[in-house]
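First comes the structure, then the notes that go with it.
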Amino acid sequence: VDASTLQEGSQLLLSVLEDAPPKTVTFVLISSLRDVADVIDSHADLFIEKVASVTIMGGLVRDEATGGWVPDQAVNNGFDQEAAARVYGFCFEQGVQMTVISRHAVPMLPMQLARSFAERNYCEVMRYLADAQFLGLKGLWQKLCAGQLPERCTKQ
């Protein structure tokens, strides 16, 4: 890749929004929310016009002082708490459809239920998590069958 052709994240997102028909963009945010926060700060009206929904792998907790919601300590929120607060707050205030998937959503969720939820609700983050869960187990099974267990796995 020629580094001179790469764009800053917020510029890339802005160009996607500018080229998109109204209410057709779905953002799936699985890392820092900084770039989306920058786009919201600089082009809020364009964001509202073009974005159909935002799905965030993160989390929210109730702010006892205000009764509102604030970012929790999820890793993706922790990359930039201020940016996370701006994205969540903007979506709430402007009525942008938002789905937030917490780190607590999947660990105890049976594999088939996660897959079923992802397929029925067209939630990109849940689909990603269900696929990762399946592929991880499939890879482990293949290694087991080939006699290549990771060191942390023993027959005892």
Side-chain angles (χ1 to χ4, degrees), residues 1-40 47 50-62 69-92 95-156:
V1 173
D2 179 2
S4 68
T5 64
L6 298 177
Q7 295 178 311
E8 291 291 324
S10 59
Q11 288 300 319
L12 179 61
L13 297 178
L14 184 57
S15 66
V16 168
L17 290 177
E18 289 170 340
D19 293 342
K23 298 295 181 196
T24 59
V25 175
T26 297
F27 282 116
V28 178
L29 309 176
I30 59 172
S31 190
S32 171
L33 307 185
R34 163 58 62 192
D35 292 329
V36 172
D38 289 346
V39 170
I40 286 170
F47 191 91
K50 302 296 182 104
V51 173
S53 67
V54 177
T55 299
I56 303 170
M57 187 183 297
L60 295 162
V61 293
R62 182 68 77 174
W69 295 96
V70 294
D72 69 3
Q73 296 303 311
V75 171
N76 294 340
N77 292 339
F79 290 132
D80 190 328
Q81 281 287 128
E82 181 182 309
R86 291 199 327 266
V87 172
Y88 290 121
F90 182 85
C91 290
F92 279 128
V96 176
Q97 181 180 333
M98 178 175 58
T99 303
V100 180
I101 306 295
S102 166
R103 66 186 177 277
H104 304 293
V106 175
M108 301 306 287
L109 189 65
M111 185 183 241
Q112 185 54 40
L113 186 58
R115 168 97 31 228
S116 173
F117 181 84
E119 291 171 356
R120 281 192 330 247
N121 295 297
Y122 194 69
C123 175
E124 290 298 323
V125 171
M126 188 59 83
R127 184 178 308 277
Y128 169 83
L129 293 172
D131 288 345
Q133 184 183 40
F134 174 79
L135 292 173
L137 287 174
K138 180 180 176 185
L140 181 60
W141 179 252
Q142 289 171 338
K143 286 182 178 185
L144 174 69
C145 291
Q148 302 172 342
L149 284 175
E151 287 184 29
R152 69 181 183 278
C153 300
T154 66
K155 293 182 181 180
Q156 287 79 10

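Residues V87 and V36 meet the side-chain proximity criterion, which asks for heavy atoms closer than 4.5 Å. With contacts defined as side-chain heavy-atom distances shorter than 4.5 Å, the pair L60/V70 does not qualify. Side-chain contact between N76 and L29 is absent, with no heavy-atom pair separated by less than 4.5 Å. No side-chain heavy atom of L14 sits less than 4.5 Å from a side-chain heavy atom of L12. At least one side-chain heavy atom of V25 sits under 4.5 Å from a side-chain heavy atom of L17.
Using a 4.0 Å cut-off between charged side-chain N and carboxylate O, R86 and D38 make a salt bridge.
From M98, atom CE reaches atom SG of C91 across 5.0 Å, with rounding to the nearest 0.5 Å. Distance check, rounded to the nearest 0.5 Å: CD1 of I56 to OG of S31 gives 12.0 Å. Once rounded to the nearest 0.5 Å, the distance linking CZ of F79 with CZ of R34 reads 13.5 Å. Note: L33 CG to M57 CE = 11.5 Å, rounded to the nearest 0.5 Å.
Without hydrogens or angle criteria, N77 side chain to G58 main chain gives no donor-acceptor distance under 3.5 Å. Side-chain atoms of Y88 come within 3.5 Å of backbone N or O of G59 as a donor-acceptor pair. In this structure, the side chain of K50 engages the main chain of A20 through a donor-acceptor pair within 3.5 Å.
Within the structure, every pair that satisfies the ring-ring contact (aromatic ring centres under 6.0 Å, His included) test and touches residues 4-37, not counting sequence neighbours, is listed here: F27-F47.
Under a cut-off of 6.0 angstrom, the local environment of CD in Q7 is crowded, with over 12 non-hydrogen atoms contributed by other residues, nucleotides or ligands.
Contact between S32 and D80 at its shortest, heavy atoms only, is OG-CB, 4.2 Å.
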